[in-house]
Engineer: 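The structure's right below; bear with me while I get my questions together.
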There are 2 protein chains.
Amino acid sequence: MSWITPAIQAAGIERTLDAGQTLFRLGSRATGLYEVVSGKIRLVRVSSAGSEAVLFVASAGHTFAEASLYSATYQCDAIASTKATVRLYPKAAVLAEFQRSPKVAQAFMAMLAQQVMSLRTGLQRRNIRSARDRVRHYLALNVGPDGRTVALATTLKDVARDLGLTHEALYRTLSEMASDGEIKRSDGKITIRAANRLSPLP
Amino acid sequence: MSWITPAIQAAGIERTLDAGQTLFRLGSRATGLYEVVSGKIRLVRVSSAGSEAVLFVASAGHTFAEASLYSATYQCDAIASTKATVRLYPKAAVLAEFQRSPKVAQAFMAMLAQQVMSLRTGLQRRNIRSARDRVRHYLALNVGPDGRTVALATTLKDVARDLGLTHEALYRTLSEMASDGEIKRSDGKITIRAANRLSPLP
DNA sequence: CGGCGTTTTGAGAGAGCTCAACATCGGTGG
DNA sequence: CCACCGATGTTGAGCTCTCTCAAAACGCCG
């Protein structure tokens, strides 16, 4: 079940921004949380010296400013990096829905908890130095129900960004793994060959 | 306000584990979420081939298995990496408290949302290749109210792990930044010199 | 005092980054 | 239909930066 119920969906307000346009600023009144429909939104904090530190780049499908539900003001600046469309879910509408139906509040919490775990996993992956082991970690945690096949929803370039590798490094690593027989590639899928199976019966 | 109210605190059940001991397994009935009191707990998923992929290593102060509140079973294995003490907050007690007081549920959601943002920021930081820029990012986002001073709560070794650098690399980077006059170190604090101020009046 | 963990500096090697060239594919328009 | 374009995918070669291994100073605590 999604936390975006028909009622919340209906309360959503779309807005389009040009590249470089500001969506909200640190300290401005928190109106609600956002979902990116298209384009990229950059969340940044600007130092007193004027340099900006990027906190997160949200792209299509991402939500951001979830914490605004429980805060009077936004905690950073949000600026469109490209021409972008966002959907605002007003605080009041969301909180009212949470109050009306505990199920919805639960779905929202579950989504957040799920996201926390997924982000922790991504961070853990970055602690792996070797490109090959990083790819192994990614594959192992993205196998389908059969336990051997990984479907690549996105392009390999996107996967590379996820992994914190250049796309060149990823391509190379994958072709090495393929020629070592550790994986098999076909179309949009990668199949893991049981390389490190513990000694089968003789 | 913390989501761990006196009532929830009182419902907590402490348990001590030896290194290597299992706390719960994938598929076992979810009893609640945990907080690490001391030691380290490793969350892993084991592939059919028997190799394990680490999802997260929780240490003192961390909570984990938050998603278990809304799931019937655990989604991974939890194994003590060292001798460890954990506190279990039983699902029923937590959910009852959430129902009794919406404020508590809100505090929990706010904590999750805050954590999501913090993890996203950590991940964003790892996308920065250069050690120096990564340190700059860390410092910029951890300055105190004065906007110039960063208090180091933990040891530099711990900070290095946070940044995804070896401690040697961090020490070197810091001393280079210090000798370049970009920062000043004293005791447990780092002060940022307004290095990249835009051209002051002549 | 002696042991342990943190902090610091040195030297060398290697893994991944960078730059570059080219193939491939899908869409677009003459 | 074909030429062109942009984005993804692929491979090559060199270089830089960080990791690794090593050693030593320092501070803290029993």
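These figures come from a predicted structure and were not determined experimentally. Below, chains carry the letters A, B, ... as their sequence lines are ordered, and counting in each starts from 1.
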Engineer: Do you see a donor-acceptor pair shorter than 3.5 Å between the side chains of A:T31 and A:Y74?
Structural biologist: yes

Engineer: To the nearest Å, how far apart are B:L170 CG and D:dC17 P?
Structural biologist: 17 Å

Engineer: Using C1' atoms of five pairs at each end, report the bend of the helix from C:dC1-D:dG30 to C:dG30-D:dC1 rounded to 10 degrees.
Structural biologist: 40°

Engineer: Measure CD/A:E176 against P/C:dA15 and give the value in whole Å, please.
Structural biologist: 10 Å

Engineer: For A:D187 and D:dG9, what is the distance between atoms CG and P respectively, to the nearest whole Å?
Structural biologist: 12 Å

Engineer: Check A:R120 with B:E66, please: is the shortest side-chain N to carboxylate O separation under 4.0 Å?
Structural biologist: yes

Engineer: If you measure from the Lys or Arg side-chain nitrogens to the Asp or Glu carboxylate oxygens, is any gap between B:D133 and B:R125 under 4.0 Å?
Structural biologist: no

Engineer: Between C1' on C:dT6 and CG on B:L152, what's the gap in Å once rounded to a whole number?
Structural biologist: 13 Å

Engineer: Please state how far atom CD1 in A:I128 lies from atom C1' in C:dG16, giving the value in whole angstrom units.
Structural biologist: 16 Å

Engineer: Nearest-Å distance, CG (A:D133) to P (C:dA15)?
Structural biologist: 12 Å

Engineer: Check whether any side-chain N or O of A:T166 sits under 4.0 Å from OP1 or OP2 of C:dG16, and answer yes or no.
Structural biologist: no

Engineer: So, B:Q114 and B:S118: side-chain donor and acceptor under 3.5 Å apart, yes or no?
Structural biologist: no

Engineer: Are any of the side-chain heavy atoms of B:F56 and B:V44 separated by less than 4.5 Å?
Structural biologist: no

Engineer: Would you mind reading off the distance between A:L174 atom CG and C:dG16 atom P, rounded to a whole angstrom?
Structural biologist: 13 Å

Engineer: Distance only, no hydrogens: is a donor on one side chain within 3.5 Å (strictly under) of an acceptor on the other, for A:T5 and A:E97?
Structural biologist: yes

Engineer: Does the side chain of A:R42 pick up a donor-acceptor pair with the side chain of A:S81 at under 3.5 Å?
Structural biologist: yes

Engineer: For nucleotides 10-16 of chain D, tabulate all protein N/O to nucleotide N/O atom pairs closer than 3.5 Å, reporting atom names and distance.
Structural biologist:
unit_1: D:dT10; atom_1: OP2; unit_2: A:R185; atom_2: NH2; d: 3.1
unit_1: D:dG12; atom_1: N7; unit_2: A:R172; atom_2: NH1; d: 2.8
unit_1: D:dG12; atom_1: O6; unit_2: A:R172; atom_2: NH2; d: 3.2
unit_1: D:dA13; atom_1: N6; unit_2: A:R172; atom_2: NH2; d: 3.3

Engineer: Rounding to a whole Å, what distance do you find between B:R129:CZ and D:dC19:C1'?
Structural biologist: 16 Å

Engineer: Give a yes or no on whether a salt bridge exists between A:R87 and A:E14, defined as a side-chain N under 4.0 angstrom from a carboxylate O.
Structural biologist: yes

Engineer: Does A:D162 come within less than 4.0 Å of A:R126, counting only side-chain N to carboxylate O?
Structural biologist: no

